[in-house]
Amino acid sequence: MNQKRHNAIAALVMMILLASCSKSEAFGTRLPGSSDSGSNEGSQTTTPPPSSSTKYAALAWESASKPERKQWSNYVHQIVNEEYQLLNRASDMTFFCPRYNSLSKEQRVNAIGQLIAAIAYYESGWSPVSRMQETTMGTDPVTGKPVYSEGLLQLSYQDIQWAPFCEFSWSKDKSLVATDPRKSILDPYKNLKCGIKILANQVDRKGSYILKTGVYWAVLKSGGKYETIDEIATIVKRLSFCK
């Protein structure tokens, strides 16, 4: 084979390889919301995750085996950053993060993100498809079925009656299996957004995360049967700047 022909063949092979790599990069990555089957956390969600950020410390739910949880963290920080009352009006945030009042805004957002992750742990074990029937709450007026607490922050369809920012659609979800991750209430992003804004409203009205009455989550009810306030504080204090 002469040198010119050898060079031409080598160039053609290189062009084919480059084209193949380019196509793989364009079509080989799937984000939450893709149509892949399976039950991985967030694999059927419809809310696109925000862009990555490195300015915050990792939240408690993050791990190498659950990379989608980094996207949860990014989204939590994004929503918290928009809620002035969460950042400034809770008189008891220093119980969870003793140095809170001296923190920068970014550190405050990070600390509240950790608080939300800790609440989610004691509510759902960080399972987006977690469900529990509320046996003392009767019938959900939206679904016409017993009230269930669902998703990362254990919310209910009936919440949409008084919290219009909750983007749950029973009309779209009712044909799906109870734990189908495609349900709007089990979408981790929709669930987190709704829950964070409910928490922000509580702080705006009551000025506190911990309450004896009128608290949404039993884990934050002082003296309640399911209180885990000290345990939640322990998780928040894992952030070095909170200690």
Side-chain angles (χ1 to χ4, degrees), residues 49-64 66-126 151-155 163 165-166 188-224 226-243:
S51 58
S52 298
S53 173
T54 58
K55 63 184 178 181
Y56 298 116
L59 299 186
W61 53 33
E62 293 180 39
S63 70
K66 301 288 186 181
E68 68 277 8
R69 293 182 181 178
K70 173 61 177 175
Q71 296 172 347
W72 299 355
S73 298
N74 293 338
Y75 192 67
V76 166
H77 292 141
Q78 175 185 316
I79 300 301
V80 169
N81 196 56
E82 299 169 356
E83 299 295 337
Y84 173 86
Q85 55 270 51
L86 280 181
L87 295 172
N88 299 285
R89 294 186 181 175
S91 61
D92 58 354
M93 187 58 195
T94 53
F95 176 81
F96 300 101
C97 179
R99 296 177 58 194
Y100 185 80
N101 290 336
S102 64
L103 300 183
S104 67
K105 181 181 179 181
E106 287 182 357
Q107 289 172 325
R108 290 187 177 200
V109 169
N110 209 163
I112 295 168
Q114 184 83 323
L115 173 65
I116 291 162
I119 293 170
Y121 177 76
Y122 287 103
E123 286 289 335
S124 67
W126 296 332
L152 286 175
L153 288 173
Q154 294 291 279
L155 309 175
F165 44 77
C166 295
Y189 302 103
K190 286 182 170 63
N191 198 279
L192 287 167
K193 179 181 178 180
C194 175
I196 292 169
K197 287 183 174 292
I198 287 174
L199 188 62
N201 283 352
Q202 174 186 308
V203 170
D204 194 35
R205 291 182 293 104
K206 305 286 187 177
S208 181
Y209 293 109
I210 304 168
L211 297 173
K212 289 185 178 294
T213 60
V215 63
Y216 187 95
W217 291 276
V219 296
L220 292 175
K221 184 177 180 180
S222 179
Y226 302 105
E227 172 197 330
T228 56
I229 295 169
D230 289 340
E231 292 85 349
I232 290 171
T234 296
I235 292 176
V236 179
K237 290 172 186 174
R238 291 179 189 171
L239 294 174
S240 60
F241 49 78
C242 276
K243 298 176 182 177

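None of these values were measured; they are calculated from a predicted model.
- Side-chain contact between Val236 and Tyr100 is absent, with no heavy atoms from C-beta onward closer than 4.5 Å.
- Note that NZ of Lys206 and CG of Leu211 are 6.5 Å apart. Values are rounded to the nearest 0.5 Å.
- Taking the side chain as every heavy atom from C-beta outward, Leu152 and Glu123 never approach each other to under 4.5 Å.
- Under the 3.5 Å distance criterion, the side-chain polar atoms of Trp126 are left unmatched by any main-chain donor or acceptor of Ala60.
- Taking CG of Asp204 as the start and NZ of Lys197 as the end, the distance is 11.5 Å to the nearest 0.5 Å.
- One finds the CD atom of Gln107 at 8.0 Å from the OG atom of Ser240 (value rounded to the nearest 0.5 Å).
- The environment of Tyr121 atom OH is sparse: at most 12 non-hydrogen atoms of other residues, nucleotides or ligands sit within 6.0 angstrom.
- Of all heavy-atom pairs spanning Ala200 and Gln85, the tightest one is O-CG, 3.3 Å.
- Other residues, nucleotides and ligands contribute only 12 or fewer heavy atoms inside 6.0 Å of the OH atom of Tyr226.
- The main-chain N or O of Ile235 is found under 3.5 Å from a side-chain atom of Gln114 such that the two form a donor-acceptor pair.
- In terms of heavy atoms, Gln154 sits closest to Ser124 at NE2-CB, 4.1 Å.
- Heavy-atom minimum distance, Leu103 versus Arg108: O-NE, 3.6 Å.
- Side-chain contact between Val76 and Tyr56: absent, with no pair of heavy atoms (C-beta onward) separated by less than 4.5 Å.
- To the nearest 0.5 angstrom, Asp230 atom CG is 6.5 Å from Thr234 atom OG1.
- Between atom CG of residue Leu199 and atom CG of residue Asn201 there is a gap of 9.0 Å, rounded to the nearest 0.5 Å.
- Looking at heavy atoms from C-beta onward, Leu86 lies out of side-chain contact with Met93 at the 4.5 angstrom threshold.
- Within the 4.5 Å cutoff, the side chain of Ile232 has heavy atoms near those of the Val219 side chain.
- Residues Ala57 and Leu239 approach most closely at CB-CD2, 3.9 Å, considering heavy atoms.
- In this pair, Tyr75 and Tyr189 present their aromatic rings perpendicular. The plane angle is above 60°, beyond the 30 to 60° band.
- Interatomic distance, CD of Gln78 versus NZ of Lys193, reported as 9.0 Å (0.5 Å rounding).
- No donor-acceptor pair closer than 3.5 Å links the side chain of Ser208 to the backbone N or O of Asp92.
- Here the shortest heavy-atom pairing between Ala90 and Tyr209 reads CB-CE1, 3.2 Å.
- The two residues Ala233 and Phe95 make their nearest non-hydrogen contact at CB-CE2, 3.8 Å.
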